[in-house]
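We're numbering straight along the sequence, starting at 1. Remember, it's a predicted structure, so these values are computed and weren't measured experimentally.
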Amino acid sequence: MQSSPLNLRRATIWIGRLVLGGIFVYAGFSKLLMPNAHLWPMFVLRFSISMNISSFAQQVESYKMISPEASQVVAHTLPFVEIVLGVLLLIGWHLRIWATAITAIMVGFLAVVTRAYLLHMDINCGCFGTPEKLTGMTIVRDGSLAALAVLMTVFAFMEAREAHPWSAPEKA
């Protein structure tokens, strides 16, 4: 029996790919290219990638979970990882692998942000480059995106077990 080309699982996968892929690409680029709010009088330095990465490293360090050296490593790699994973998710090539990776990252982000919120840390989220206070809405946003990522990944694995609806039917 051949499945429908459009069903709830495929629609969820498409929405997840577009939303999460777009957000990951935007988040990565914003960490690299958004103007640094701390250097507003110095116009040239506002758009410096290295200054933006060092500002992001301070945001990562403010969570008090890893050492300053490890936060430098995270700040120098995470924006590029987010861009690459976002593009791969948008393309859809080896979807199960990249959906699983994005789900793991989203669940990790949710855990870290929830921990900081429950400890009443007055810090910036660090999610999109520009300073954004950590609030309950940050938890709700990350939780809904993590739920979408989990749902998309589960549905991608379920769809991989079935025949593609546009493939040629088997001859008896």
Side-chain angles (χ1 to χ4, degrees), residues 13-117 119 121-153 156:
I13 291 168
W14 271 99
I15 291 169
R17 283 178 54 198
L18 294 175
V19 169
L20 291 168
I23 286 174
F24 265 63
V25 169
Y26 173 74
F29 275 117
S30 68
K31 287 176 182 100
L32 295 175
L33 303 175
M34 287 290 185
N36 192 325
H38 302 294
L39 300 171
W40 67 268
M42 297 172 267
F43 181 75
V44 174
L45 291 178
R46 285 181 66 181
F47 299 100
S48 166
I49 291 176
S50 64
M51 294 303 291
N52 289 334
I53 287 178
S54 74
S55 175
F56 178 56
Q58 291 173 349
Q59 290 174 343
V60 171
E61 193 174 337
S62 70
Y63 282 93
K64 306 278 187 234
M65 290 187 71
I66 55 178
S67 68
E69 295 81 18
S71 65
Q72 286 291 327
V73 172
V74 169
H76 281 83
T77 57
L78 184 62
F80 300 104
V81 168
E82 286 178 335
I83 292 168
V84 168
L85 284 176
V87 168
L88 288 170
L89 195 63
L90 287 169
I91 291 171
W93 179 66
H94 292 289
L95 179 63
R96 290 176 290 166
I97 295 169
W98 311 125
T100 304
I102 283 188
T103 299
I105 289 173
M106 283 305 306
V107 170
F109 286 166
L110 178 62
V112 168
V113 170
T114 302
R115 174 193 170 271
Y117 183 74
L119 291 175
M121 295 179 157
D122 187 28
I123 60 176
N124 289 326
C125 171
C127 302
F128 296 107
T130 55
E132 172 190 349
K133 287 292 181 195
L134 187 63
T135 63
M137 284 308 296
T138 308
I139 306 297
V140 170
R141 180 189 64 209
D142 280 4
S144 61
L145 291 175
L148 177 61
V150 168
L151 203 58
M152 176 189 64
T153 304

Subject >> L85 side, atom CG; W98 side, atom CH2 - distance, nearest 0.5 Å >> reply: 6.5 Å
Subject >> Side chain to side chain, M121 and R115, heavy atoms closer than 4.5 Å >> reply: yes
Original post:
Hey, are the side chains of V87 and F24 touching, using non-hydrogen atoms and a 4.5 Å cut-off?
Top reply: no
**OP:** Calculate, to the nearest 0.5 Å, the distance between atoms CD and CD belonging to E61 and E69 respectively.
**Re:** 8.5 Å
Subject >> Q72 versus A57, closest heavy-atom pair with distance >> reply: NE2-CB, 3.4 Å
Original post:
About how many Å separate CD of Q58 and OG of S71, when rounded to the nearest 0.5 Å?
Top reply: 9.0 Å
**OP:** Look up atom OG1 in T100 and atom CD1 in I105, then write down how far apart they are to the nearest 0.5 Å.
**Re:** 11.0 Å
Original post:
Which pairs pass salt bridge (Lys or Arg N to Asp or Glu O under 4.0 Å) with one or both residues in residues 129-151, sequence neighbours excluded?
Top reply: D122-K133, E132-R141
**OP:** Check whether any side-chain heavy atom of L89 sits under 4.5 Å from a side-chain heavy atom of M152, and report yes or no.
**Re:** yes
**OP:** Quick one: pull up NZ in K64 and CD1 in I123 and give me the separation to the nearest 0.5 Å.
**Re:** 9.0 Å
Subject >> Side-chain heavy atoms of N124 within contact of L134, under 4.5 Å >> reply: no
Subject >> Interatomic distance, L148 atom CG to I15 atom CD1 [nearest 0.5 angstrom] >> reply: 8.0 Å
**OP:** Mind checking ring pair (Phe, Tyr, Trp, His ring centres under 6.0 Å) for F80 and listing every partner two or more places apart, or none if nothing turns up?
**Re:** none
Subject >> Shortest non-hydrogen contact between A27 and E82, atoms and distance >> reply: C-OE1, 3.5 Å
Original post:
Which heavy-atom pair separates P79 from F56 by the least distance, and what is that distance?
Top reply: CD-CE2, 4.3 Å
Original post:
What heavy-atom pair brings L90 and G22 nearest, and what distance separates the two atoms?
Top reply: CD2-N, 4.0 Å
**OP:** Quickly, which of I102, V19, V150, V140 forms a side chain to side chain contact (heavy atoms under 4.5 Å, CB included) with L145? Name it, please.
**Re:** V19
**OP:** Determine which pairs satisfy disulfide bond (SG atoms under 2.5 Å apart) with at least one residue from residues 123-152, sequence neighbours left out, and list them in order.
**Re:** C125-C127
Original post:
Is a side-chain donor or acceptor of T114 paired with a backbone partner of L110 at a separation under 3.5 angstrom?
Top reply: yes
Subject >> V112 vs Y63, side-chain contact (heavy atoms from CB on, under 4.5 Å): CA-CA, chis, key distance, verdict >> reply: CA-CA 8 Å; V112 168; Y63 282 93; 3.5 Å; yes
**OP:** Take the angle between the ring planes of Y26 and F128 and call it parallel below 30°, perpendicular above 60°, tilted in between.
**Re:** tilted
**OP:** I would like to know whether L32 and I83 meet side-chain contact (heavy atoms from CB on, under 4.5 Å); could you show each step before the answer?
**Re:** CA-CA 10 Å; L32 295 175; I83 292 168; 3.9 Å; yes
